[in-house]
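First the structure, in the form of structure tokens, and then the observations on it.
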Amino acid sequence: MEKRRGIPVSPGVAIGPALVLDTEGVVIPQRTVPADQVEAEVGRLHVALEEAAAEARAARQRFTAQFGAAYGNIFGAQQSAFEDGAFWDRVTAAIRANSYSAEYAVSRGVREFVKKLEDAGRRLGAEAGAEVYRRAAELNDIARQVLHALHGHPAQPVGGVAGGGPFVVLANDLMPSDTADFSPRTVRAFATESGGPTSHTAILANALEIPAVVGVGRFLTDVSGGDVVIVDGERGLLILDPDEATVAEYEGRRVALLNRADRFHALRDKPAVTHDGTTVRLLGNIELAHEAAHCAEWGAEGVGLYRSEFLYLNKAADPTEEEHYEAYRSVVQTLGPDKPVVIRTLDLGADKVFSLSSLLTTEKNPFLGLRSVRLCLRKLDLFRTQLRAILRAAAHGDIRIMFPMISTADELRQCKTLLNEVKDDLDDAGLAFKRDIRVGTMIEVPSAALMADVLAREVDFFSVGTNDLVQYTLAADRNNENVANLYNPADPSVLRLIEGVVKAGRERGVEVNVCGEMSGEPVYTALLLGLGLRQLSATPRKIPEVKRVIRLLRVDEAERLAAQVRRMDTASQVTNYLRDHLRRILPEAVD
Amino acid sequence: MTQAGGNGRPDPPAPADGGAVRRAVRITNPYGLHHRVADRFARTAKTFPAVAVTVTNGDQRADGKSLWDLLGLVALPGAEVVLEVAGPDAPAAADALAAILAAPGGEDYTI
């Protein structure tokens with residue numbers, strides 16, 4: 001048994017057979033063959049390549065049917081690698097020139113190729129090196145499959161075990177489009193060697209409610225497909241070859257967690273009302289339209305943040321107006337026409353949008369660059385398409401529109417002007433839409449927080465995006481380990497900004513919501529209530545625990561807590577105080 | 001041979017009997033010219049059997065119809081590669097192939 005530590009990115013535990021998406025070594029029997037066997041070796045190689053290509057072709061079809069083309073094409077690329085005459089002709093020539101065995105020629109040919117890649121990667125720096133390492137792993141996997149075919153037992157491609165799922169998927173790394181196609185029915189959990197806590201893969205794992213651990217470091221060489229493994233998404237552990245006692249322990253924990261989930265489900269239909277009778281509105285954050293069902297399942301009263309970016313990612317073309325419209329409409333259909341659904345307009349950099357890739361300039365500091373609403377205001381056609389779809393979908397329910405990364409009143413006014421133009425266009429076209437759609441802005445740039453009283457004149461609601469607000473206020477990227485200690489939502493500077501936004505909203509009758517990760521963490525619930533917030537939006541599965549805390553609190557208690565916090569100088573003082581408080585009211589929420 | 005700098009800028013029309021097109025394209029896929037993108041590119045290139053396709057990245061040169069060759073370019077995000085297409089369908093092939101190189105995604109191809 002071996003425990004490996006990684007970064008927990010999606011809670012829950014899972015035990016199951018491994019589905020390994022990577023490489024393993026194969027023994028090479030002999031380097032050379034007698035001269036009269038050379039043509040036989042060439043023949044063996046070609047038969048093996050055809051077999052491997054046929055396996056990959058079948059896996060491509062199977063995975064495309066099950067998960068979509070982006071997933072199936074991983075095997076499509078493998079198929080092409082087996083069928084690539086230019087490369088294998090060189091390997092064949094090496095067999096003929098040196099009387100190599102087919103196995104040795106394959107192994108040597110791929111190894112030399114990989115070495116060339118790695119040398120080039122090293123010259124290009126650390127980041128390039130990591131990408132090249134990923135590619136090298138895939139090429140080694142190509143070689144491995146050919147060697148297996150040469151040995152007469154074709155390598156089992158990933159799909160080969162698919163009959164026995166669901167699996168624990170193990171990989172070097174997973175791309176967002178891969179994870180987006182996972183479902184709890186096919187994938188129990190996953191663990192990856194690389195990857196970070198804020199990657200889209202991690203975000204999606206959470207949304208899909210699949211336990212996941214990333215950044216474990218190299219482990220794929222120590223595990224084979226079908227081995228029983230444990231992923232502990234609570235503690236960030238991957239357990240290889242677990243002993244019986246550990247399996248039993250984890251089976252118990254898995255059931256206990258499910259029971260906890262069941263208990264939370266029991267909270268679903270109870271209102272989010274404080275002990276002294278103040279109602280708090282709890283909404284869900286979603287990435288994909290079908291996650292609207294999770295909101296209903298976990299007791300969210302609607303969608304407080306629909307991140308529309310996933311309509312744009314990994315696409316061969318920009319999403320059409322109809323694609324936007326269908327996605328938004330399906331959310332309304334899932335939740336019902338009277339549930340609020342706040343759609344945030346495109347919040348990406350140009351590099352992620354198909355038609356804008358030509359705009360890409362190498363920005364030294366992309367998070368302070370042309371992205372999000374700044375980009376939309378430069379690419380009005382793209383923006384109009386989304387605004388049209390949102391307005392049209394809003395005819396079917398309580399859809400609201402929200403602009404991200406607003407930093408000045410001018411930007412907000414430009415967005416509203418454009419929205420009015422789009423309404424006129426829809427009028428001219430005779431299309432149904434919601435004229436009096438409610439309009440809001442994210443408050444995630446410190447300038448917007450400081451000017452909230454001015455911005456409040458322009459909108460119906462604010463939503464405080466704490467992830468970016470913390471990053472921009474403290475000028476610290478939480479993914480940068482050298483400065484991540486500065487990134488803290490409990491920093492007094494951030495709390496002052498939030499409090500200012502709440503005050504501006506109250507004076508102007510503008511609703512204020514918090515939709516960053518902070519709102520899903522029970523440790524901050526009392527403080528947010530005490531600062532005056534009455535609406536929070538979080539990942540749906542976080543809602544029951546937040547609701548539970550709300551139901552235990554009194555507003556005057558929360559306000560006293562906020563008053564104490566206001567006197568503190570540092571984030572660590574605040575955090576310690578909040579944890580102590582939570583421990584008193586709900587001990588199991590703090591460990 | 002026509003020349004066009006920059007990303008996606010249209011080329012002057014090639015002669016009616018085909019000809020050669022040369023374009024510089026910046027790779028924007030967050031993983032660079034990775035396996036699936038290279039596969040999509042090679043598969044698309046092969047749909048133009050009479051056209052010769054080469055891609056160069058710095059001093060590395062690849063046959064655009066060979067997946068391995070394309071991977072050997074080590075074209076990472078932000079790299080500017082040069083696409084050269086010669087033959088009867090050169091302009092159409094160049095348009096299709098340049099779009100694949102310039103796209104930030106496109107792993108969901110069905111070719």
Side-chain angles (χ1 to χ4, degrees), chain A residues 64 68-74 76-88 90 109-110 113 116-121 123-125 127-128 131-132 134-136 138-139 142 173 175-178 312-317 348-362, chain B residues 6-10 23-46 53-54 57-80 96 98-111:
Chain A
T64 298
Y71 205 89
N73 287 338
I74 292 170
Q78 294 200 344
Q79 180 202 337
S80 296
F82 297 129
E83 290 174 345
D84 190 338
F87 179 75
W88 298 108
R90 293 199 286 272
V110 174
F113 187 88
K116 198 183 92 176
L117 282 194
E118 288 175 341
D119 288 347
R123 282 199 300 275
L124 292 167
E127 213 171 308
E131 172 58 24
V132 168
R134 252 196 296 279
R135 292 186 192 179
E138 288 187 51
L139 293 175
I142 295 293
D173 200 2
M175 295 182 200
S177 60
D178 304 333
Y312 295 85
L313 288 175
N314 288 310
K315 289 289 161 60
L348 284 174
D351 58 321
K352 300 287 193 323
V353 180
F354 179 80
S355 66
L356 302 186
S357 43
S358 61
L359 263 187
L360 189 76
T361 49
T362 356
Chain B
N7 203 355
R9 205 182 301 165
R23 284 192 200 179
V25 185
R26 193 172 298 283
I27 304 288
T28 67
N29 189 294
Y31 298 90
L33 184 58
H34 67 80
H35 288 242
R36 280 175 291 170
V37 177
D39 183 36
R40 182 181 195 203
F41 185 94
R43 284 173 187 257
T44 306
K46 285 181 195 159
V53 180
T54 56
N57 181 27
D59 56 355
Q60 296 292 318
R61 190 174 183 84
D63 172 354
K65 298 183 182 183
S66 165
L67 173 65
W68 288 82
D69 261 25
L70 290 167
L71 293 174
L73 293 175
V74 196
L76 295 164
E80 189 170 271
I100 293 170
L101 292 176
E107 286 83 357
D108 55 347
Y109 55 93
T110 53
I111 188 172

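What you are looking at is a predicted structure, and each value in this text was computed from that prediction instead of being measured. We name chains A, B, ... by the order of the sequence lines, and we start the count at 1 in each one.
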From OG (A/Ser80) to CG (B/Asp39), nearest 0.5 Å: 3.5 Å

Closest non-hydrogen atom pair, A/Ala77 against B/His35: CB-O, 3.8 Å

Proximal component of B/Ile111, with respect to chain A [non-hydrogen, under 4.5 Å]: backbone

Approximate separation, where rounding is to 0.5 Å, of A/Gln79 CD and B/Arg43 CZ: 4.5 Å

Proximity breakdown for A/Arg123 and chain B, heavy-atom pairs closer than 4.5 Å: neither

Flag, side chain of A/Asn73 to backbone of B/Glu107, donor-acceptor distance under 3.5 Å: yes

Between NZ on residue A/Lys116 and CD on residue B/Gln60, distance to nearest 0.5 Å: 5.0 Å

Distance-minimising heavy-atom pair for A/Leu117 and B/Leu71: CD2-O, 3.2 Å

Plane angle bin for B/Trp68 and A/Phe87 - parallel if under 30°, tilted between 30 and 60°, otherwise perpendicular: parallel

Heavy-atom pair of closest approach, residues A/Ala120 and B/Val74: CB-CG2, 3.7 Å

Interatomic distance, A/Asp84 atom CG to B/Leu70 atom CG [nearest 0.5 angstrom]: 8.5 Å

